[in-house]
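Heads up: the structure comes next, in structure tokens.
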Amino acid sequence: MEPTSLFLFGLTTGVAVSAGARYVENLVMSRSVSSSPALPPLADRPRRRSVRYQDEVHRPDDDDSGDDIPSALVRLRKQFNVPAEKLTQIVRHMVAEMKKGLHDDHQTMKMIPSHVIRRPNGNETGSFLALDLGGSNFRVCEVILEGNGITRMRQKKFTVREDLKTGGGAELFDFLADCVASFMAETENKFNKEERKKLGFTFSFPVQQTSINAGVLMSWTKGFHASDVVGNDVVQLLQEAFHRKNVNVNVTALVNDTTGTLISHAYQSPNTYIGVILGTGTNAAYVEQLGNIPKLKDAASFNSDEMIINTEWGAFDQENVVLPFTEYDFKVDRASINPRQQAFEKVISGMYLGEIVRLVMLDLIETGELFAGKSSEILKTKYQFETAYMSRIERDHTLDLSDTKAVLEDIVKIPKTSRTDRVIVKGICELVGRRSARLSAAGIAAIVTKINRLDGCTVAVDGSLFELYPHFANRMRDALREILGLSAENIVLEQARDGSGQGAALIAALAEE
Ligand code: ADP
Ligand code: MG
């Protein structure tokens, strides 16, 4: 078990980190989280990290004028376009599915009550551990809430090997406990051996939460498949691993990354009602009225009017009623480790976009329309065309698409590409990338509609896809306008960061009260 990166320490106050500086974030550590009175009034504070919308050369989806469009692209465009009417239809269906999920268990959208009934006020204090499992890295963090909006954090990242993701559950949880032990050992002097550390566990998979620190895994997603975990309480599994490994830690909160994102962003932006993840996977959480959750039988026992709901929207429409699945999407789905599940996730999230593009390219190679019919071993290998390549290609504005050439020839090892080849590949990325952004926007529009916040609502969005994929936010905004008209202006998309670390610690702190 080797730490793969970063062991850091930092201090932040109410000052926001500038946009686009994701990796700087890891160096500077956590950001502000407070609307506490110690901070200057909002108007005097530095500008928050609202997403700035770069100007995209705006090309309506059905505009075929201008350059000669290769016929392959014309054909693909018909398959991958999602017109405004379709988006509206998706929104309507999702609102209906959300209501079903709030009413009964075992619905497509699981609409999981998070048991988080309070949002932070900035005065929370204390030192907490946080674990983040379910993203591309596994992280262990120590978050110190100092009150008055000051947070300090240290973290260490680990890679979860593929054999652990798909092996025995006990080995996976032992690995997590080992990572925590190694983290604590490196700062031994800081940890009082007698004191039992409280830990917030961010576990970003569909969990049937039964209390703030108990929940049963319903199914694995995102490439995880460890045995003997589905159907069990993951907090108990983690606690048992700590016991086996003699690690003095108490798991006091079980958190989904979407809920963490919402909570940690609500700290600085009180108007935040929705948290969205657009990374390896996709999901969203939002603030619901307790009275609108009929399946929550003990609603009256919560001393609150509201509760955060984890929608698990990645599963939306796995019956395939409204989503515009193409033949390529069906192929990705059939070859995945979870066929017929996570339909929405498979057309949106970073794990799958590159794979869709890869399959389209292979198809065009077959028909002789791409790379003179030649392929490469890399291109023939599942999941080897990364979504990050799409970002690079979409950002390539050189006349002869030289960076696209570098990706295709140097990385993917296609023997030779023509300019037309590269135009086609860039066009494919654009179609798949835009579709993802538009469908994510439809999801957000559905939630905003459901909670009737068309007059104003901040949406905290975390994840590399949103942050690093060019034009992603613009394309979402375009779609929101098409769906919501002028009201779209009231929906503010903001880049969120580290909900899964800081958010988990905050929720552990809120759970104490
Ligand atoms: P996670 O969702 O795993 O917690 P991230 O939000 O960082 O973590 O998302 C990682 C995913 O984002 C990767 O699996 C990949 O699909 C995608 N990704 C990584 N880099 C880029 C990029 N430059 N552009 C678009 N997508 C990216
Ligand atoms: Mg994440």
Side-chain angles (χ1 to χ4, degrees), residues 4-6 20-26 30 54 130-141 155 157-160 162 165 200-205 220-224 255-265 275-285 310 313-314 332 336 342 345-358 382-396 403-404 407 411 426 429-430 432-437 440 460-476 495-504:
T4 51
S5 63
L6 299 176
R22 181 178 188 82
Y23 297 107
V24 175
E25 178 229 0
N26 275 333
S30 57
Q54 305 131 302
L131 298 196
D132 176 11
L133 182 73
S136 28
N137 290 298
F138 167 60
R139 288 191 306 156
V140 185
C141 321
Q155 70 169 344
K157 293 186 182 179
F158 302 83
T159 301
V160 184
E162 289 305 315
K165 288 186 187 174
F201 183 21
T202 300
F203 184 77
S204 306
F205 300 97
W220 284 116
T221 55
K222 295 177 281 190
F224 278 77
V255 179
N256 187 273
D257 55 354
T258 49
T259 306
T261 297
L262 201 171
I263 285 289
S264 86
H265 205 75
V276 173
I277 302 290
L278 289 165
T280 303
T282 184
N283 191 9
N310 163 19
W313 79 10
V332 169
S336 69
Q342 299 296 103
E345 182 157 273
K346 282 173 182 159
V347 284
I348 288 181
S349 81
M351 177 159 177
Y352 303 101
L353 298 190
E355 181 65 1
I356 300 169
V357 170
R358 188 184 74 87
K382 267 167 88 174
Y383 291 98
Q384 285 303 296
F385 190 84
E386 295 177 14
T387 301
Y389 302 161
M390 296 170 65
S391 280
R392 238 180 105 174
I393 290 169
E394 283 230 51
R395 211 178 277 116
D396 184 1
D403 203 36
T404 304
V407 170
I411 302 177
K426 188 173 180 196
C429 294
E430 211 175 300
V432 174
R434 175 181 281 117
R435 185 183 67 162
S436 157
S440 328
V461 191
D462 195 358
S464 294
L465 189 63
F466 181 75
E467 182 164 14
L468 302 177
Y469 199 108
H471 316 307
F472 206 90
N474 273 333
R475 290 167 176 173
M476 285 176 77
Q495 177 77 60
R497 284 195 182 83
D498 200 29
S500 52
Q502 199 160 262

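Residue numbers count from 1 along this sequence. For ligands, and for the atoms within them, numbers begin at 1 and follow the listed sequence.
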Exercise for review: Return yes if some donor-acceptor pair links the side-chain N/O of Ser264 with the main-chain N/O of Gly503 below 3.5 Å, else return no.
Suggested key: no
Practice item. Could you tell me which atoms of ligand 1, counted from 1 in the order shown, lie closer than 4.0 angstrom to a heavy atom of Met351? Key: 16 (O)
Practice item. Identify the heavy atoms of Ala496 and Ala460 that sit nearest to each other, and give their distance. Key: CB-CB, 3.7 Å
Review point. Where the closest heavy atom to atom 10 (C) of ligand 1 is concerned, which of Asp132, Thr280, Asp257 has it?
Key: Thr280
Practice item. Examine distances only and state if a side-chain atom of Thr221 and a backbone atom of Phe205 form a donor-acceptor pair shorter than 3.5 Å. Key: no
**Study point:** Residues Glu430 and Arg395 bridged, charged N to O under 4.0 Å
**Key:** no
Practice item. Please confirm whether Gly350 comes within less than 3.5 Å of ligand 1 when only nitrogen or oxygen atoms on both sides are compared. Key: yes
Point to revise | Selection from Gly433, Gly354, Ala388 by shortest heavy-atom distance to atom 21 (C) of ligand 1 | key: Ala388
Practice item. Please identify which atoms of ligand 1 are closer than 4.0 Å to at least one heavy atom of Gly279. Key: 2 (O), 6 (O), 9 (O), 11 (C)
Point to revise | Ser464, Gly223, Pro470: member with heavy atom nearest to atom 7 (O) of ligand 1 | key: Ser464
Point to revise | Audit row: Phe158, Arg139, side chain to side chain contact (heavy atoms under 4.5 Å, CB included) steps and yes/no | key: CA-CA 6 Å; Phe158 302 83; Arg139 288 191 306 156; over 6 Å; no
Check your understanding: Of all the atoms in ligand 1, which lie at a distance below 4.0 Å from a heavy atom belonging to Gly463?
Key -> 6 (O)
Practice item. For ligand 1, note which part of Ser391 has a heavy atom under 4.0 Å away: side chain, backbone, both or neither. Key: side chain
Exercise for review: Go through the steps to decide whether Phe138 and Leu131 satisfy the test side chain to side chain contact (heavy atoms under 4.5 Å, CB included), and finish with yes or no.
Suggested key: CA-CA 7 Å; Phe138 167 60; Leu131 298 196; 4.1 Å; yes
